[in-house]
Structure formats: structure tokens, C-alpha cells
Amino acid sequence: MSKLVSLFCGIIFGIGLVISEMINPTKVLGFLNFFGDWDPSLAFVMIGALIIVSPLFYLFKNKEKPIFSKNFSMSNKKEIDTKLIGGSILFGAGWGLVGLCPGPAISSMAFFNVNSIIFVITMFIGFYLSDKYVMKSGISI
Amino acid sequence: MVIINFTPLTALAGGSIIGISVFLFFILNGRRLGVSGIASNFLISKNNRIDNLLFLIGLILGPLIYSFFTNEKIEISITSSLFLLITGGLLVGLGTRIGGGCTSGHGISGIGQFSLRSIIATITFMVIGILTVFIKNII
């Protein structure tokens, strides 16, 4: 059942990216062009998501186990360290260069856009390199 | 600063749908959704590999399914500069894995649980993204 949920969540996440136009790198770059012609839409996408997520996360925070899995995989990471800041700086730079972050990058391959595919392949090479040379443990939020 | 192309309603609607996905993934599968985590763990870790793959397939199917039900053109305009695509892809892959999350992981799942770590990460990548675009416009 968890597999069906994963597929379903991916599908509606992808639909959300299309409706909000975040699948379009030019739209995202419009948000990052804060000092020029600014398009605030991305901030409203985050607000829309957080209006749903934050109260529900809070409401269910003491729930013992999820419905289709044995336990919640929680991260207790609290530390603000150089990896968090350094990684976010690298990510921000790449995001500003093209206007794609991982979700929209993968969704934008739906229409066989060659440039999206090149971006995603190099993004996966980036995951691999960081895992091999920088990180030793798995990713968690 | 001049505000252009602002689409608050579709942004809120699309964002809410993304929020529903994040909540369902949490309450049903017990995981905090972050696309960089799912994609990089699919590549690197054996845990939940099929789940992660199915989510990624869903991400690609979503826009296709949507396009069957609408006549509007789904616009994706992306740079064709190989230099930008390759540098950008590498930086996003390296950065999200090292920093432990991306726009969805830190920006929605993390901030959604009021994680200070995620708030700081989100401010950092947004400020750097804005600076990058600013510098790109000068050059």
C-alpha cells in the first residue's frame, strides 16, 4: 500500500507543480529576480503548501504510527552546521543559474525536454559525488 | 523592483495541492517528503528504493495526466546553455544532498514543523538564488 501512496503522492505533487507553474524555470527565475522585474508567485506556492502542512503536522505530531508503515521516520537533527549552510549556498547558486530545483526538474522531463534531462542527469551525478566525497550518512530533513 | 507576471491564485492552489501530497506522504507512509531526499536516496540507498522510484515516476506522470485534462499549454522555458545546465545540475545535486534538503524538504516539510534548521537553510538558498540571478543579470 505504501507503494501506491508513493506513486499517488508523486502524481499530485507533479500536478501541483504544473498548476502553480513552478514547473517552468522562467517563472521561478522571475521570483529570484527580486531586484528586477519581480514575480512573487513562488512565495504564494509555499504559503499555500504551509497553510495545509503546518496545522496538520501539528495536529498529528503525537500520533504513534503512520497508517501504512511501521513507524514515522523522524529526523532529530537540530544542528546548524557548515554542511547545512554550505550545501544550501551551493544549491541556491545552482537554482539561480537555471531556475530548477529537484521536484520541478524531474517533473519537467514529462514532455521530453532535452535540457531538463541534461539537468537531471547532472543533478544525479551531483548526488553521487556528494555522497562519495562529502557525506557518509543518508539525507534527512 | 517592479512586480510582474504575478499569479497568486494559481500559486496558492498549486501550493495547497503540493501541501496535500506532503501531508499524505507523512500520515500514510510516515515520511517527511523532500524531493531531493527521495531522488538522492533512490540513487544511493537500498531503503524504500521502490517507494522512492514510484514517487519519482509519479512526479513525471502528474504533468502528463494534467495535460490530458486541459487545453492550456504547459509552458516550460529553460535555458539551452549547456554550461548553465551542467553547472546548475551539479550544484543543485551536490548542494541539496550536503545541505540535507531542497525547496520541498526544507521549505515545506521542514518549515511546516517549525524546524529552525530548515528555516535557516531556506533563507540561505533563497538569498543565494536571488544574488545569483542578480549577478547573472549584470554579466
Side-chain angles (χ1 to χ4, degrees), chain A residues 2 5-7 9-16 18-20 24-26 32-35 37-39 41 44-45 48-49 52-54 56-57 66-69 72 87-98 101-103 106-108 110 115 118-119 122-123 126-127 130-131 139 141, chain B residues 1 4-5 7-8 11-12 14-19 21 23 25 28-30 32 35-37 40 44 51 54-55 58-60 62-64 66 75-78 84-86 88-99 101-103 105 108 110 112-113 121 124-125 128-130 132-133:
Chain A
S2 78
V5 170
S6 299
L7 181 68
C9 285
I11 289 172
I12 56 173
F13 195 107
I15 290 174
V18 178
I19 291 176
S20 62
N24 184 4
T26 303
L32 295 176
N33 191 17
F34 183 75
F35 296 111
D37 294 331
W38 191 45
D39 175 0
S41 304
F44 278 63
V45 178
I52 302 281
V53 165
S54 348
L56 288 172
F57 271 1
I67 295 169
F68 297 128
S69 144
F72 285 107
S88 297
I89 289 174
L90 295 179
F91 166 43
W95 195 33
L97 286 181
V98 180
C101 52
I106 292 166
S107 279
S108 69
N115 298 328
I118 294 171
F119 183 91
T122 53
M123 181 176 84
F127 291 150
S130 65
D131 204 69
I139 203 167
I141 299 150
Chain B
M1 181 175 64
I4 58 155
N5 298 334
T7 50
L12 279 174
S16 309
I17 293 171
I18 292 170
S21 167
F23 172 67
F25 202 62
L28 299 176
N29 283 4
R32 310 267 183 185
V35 178
S36 64
S40 64
I44 288 150
D51 278 71
L54 286 168
F55 180 86
L59 269 186
I60 298 174
L64 286 173
Y66 184 82
E75 196 179 317
I76 301 175
S77 60
I78 177 173
L84 287 182
L85 289 169
I86 291 174
L90 276 176
L91 285 170
V92 169
L94 281 168
T96 52
R97 181 87 187 163
I98 296 169
C102 57
T103 331
I108 298 172
Q113 55 182 321
T124 306
F125 61 68
I128 298 295
I130 287 168
T132 305
V133 168

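The chains referred to below are lettered A, B, ... by the order of the sequence lines, with proteins before strands, and numbering in each begins at 1.
- What you find for B/Gly15 and A/Ser20 is that their closest heavy atoms are N-CB, 4.3 Å.
- Atoms CD1 and OG, on B/Ile98 and A/Ser130 in that order, are 5.0 Å from each other to the nearest 0.5 Å.
- Contact record, A/Ile19 with B/Tyr66: CG1-CE1, 3.6 Å, taken as the closest heavy-atom pair.
- Most heavy-atom pairs under 4.5 Å with chain B: of the set A/Val98, A/Leu32, A/Leu56, this distinction falls to A/Leu32.
- For chain A, the nearby parts of B/Leu90 are the backbone and the side chain; heavy atoms of each come within less than 4.5 Å.
- Comparing A/Asn33, A/Asp37, A/Ile118 by how many heavy-atom pairs each has under 4.5 Å with chain B, the most go to A/Asp37.
- B/Ser77 OG to A/Asn115 CG: the interatomic distance, rounded to the nearest 0.5 Å, is 11.0 Å.
- Between chain A and the options B/Asn5, B/Ile44, B/Leu28, B/Thr7, heavy-atom pairs under 4.5 Å are most frequent for B/Leu28.
- The distance from the CH2 atom of A/Trp95 to the OG1 atom of B/Thr132 is 10.5 Å, given to the nearest 0.5 Å.
- Ranked by heavy-atom pairs shorter than 4.5 Å toward chain A, the options B/Gly89, B/Ala121, B/Gly62 are led by B/Gly89.
- Smallest separation of non-hydrogen atoms from A/Asp131 and B/Arg97: OD1-NH2, 2.8 Å.
- With chain A as partner, the option from B/Pro8, B/Ser21, B/Cys102 having the largest number of non-hydrogen pairs under 4.5 angstrom is B/Ser21.
- Between the side chains of B/Thr124 and A/Ser88, not a single donor N or O lies within less than 3.5 Å of an accepting N or O.
- Here A/Val45 is the residue among A/Val53, A/Ile15, A/Val45 with the most heavy-atom pairs under 4.5 Å with chain B.
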*How far apart are the C-alpha atoms of A/Ser6 and B/Asn29, what are their side-chain angles, what is the distance that settles it, and do they pass the side chain to side chain contact (heavy atoms under 4.5 Å, CB included) test?*
CA-CA 8 Å; A/Ser6 299; B/Asn29 283 4; 3.2 Å; yes
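- Distance check, rounded to the nearest 0.5 Å: CG of B/Leu59 to CD1 of A/Ile11 gives 9.5 Å.
- Taking all atoms of both residues into account, the shortest heavy-atom contact from A/Met123 to B/Val92 is SD-CG1, 3.9 Å.
- Between chain A and the residues B/Leu64, B/Ile17, B/Ile108, B/Leu94, the largest count of heavy-atom pairs under 4.5 Å involves B/Leu94.
- For the pair A/Phe91 and B/Thr103, the minimum side-chain heavy-atom distance is below 4.5 Å.
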*In sequence, state the C-alpha distance, the side-chain angles, and the governing distance for A/Phe127 and B/Thr96, and then conclude on side chain to side chain contact (heavy atoms under 4.5 Å, CB included).*
CA-CA 8 Å; A/Phe127 291 150; B/Thr96 52; 3.4 Å; yes
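- Put simply, of A/Gly87, A/Gly103, A/Cys101, A/Ser108, the one with the most heavy-atom pairs under 4.5 Å next to chain B is A/Gly87.
- To the nearest 0.5 angstrom, B/Phe55 atom CZ is 8.5 Å from A/Ile106 atom CD1.
- Scanning all heavy atoms of the two residues, the minimum distance from A/Pro25 to B/Ile78 falls at CG-CB, 3.8 Å.
- Put simply, CG on A/Leu97 and CG on B/Leu84 are 5.5 Å apart, with the number rounded to the nearest 0.5 Å.
- Looking at A/Val18, the atoms closer than 4.5 Å to chain B (heavy atoms on both sides) all sit in the side chain, from C-beta outward.
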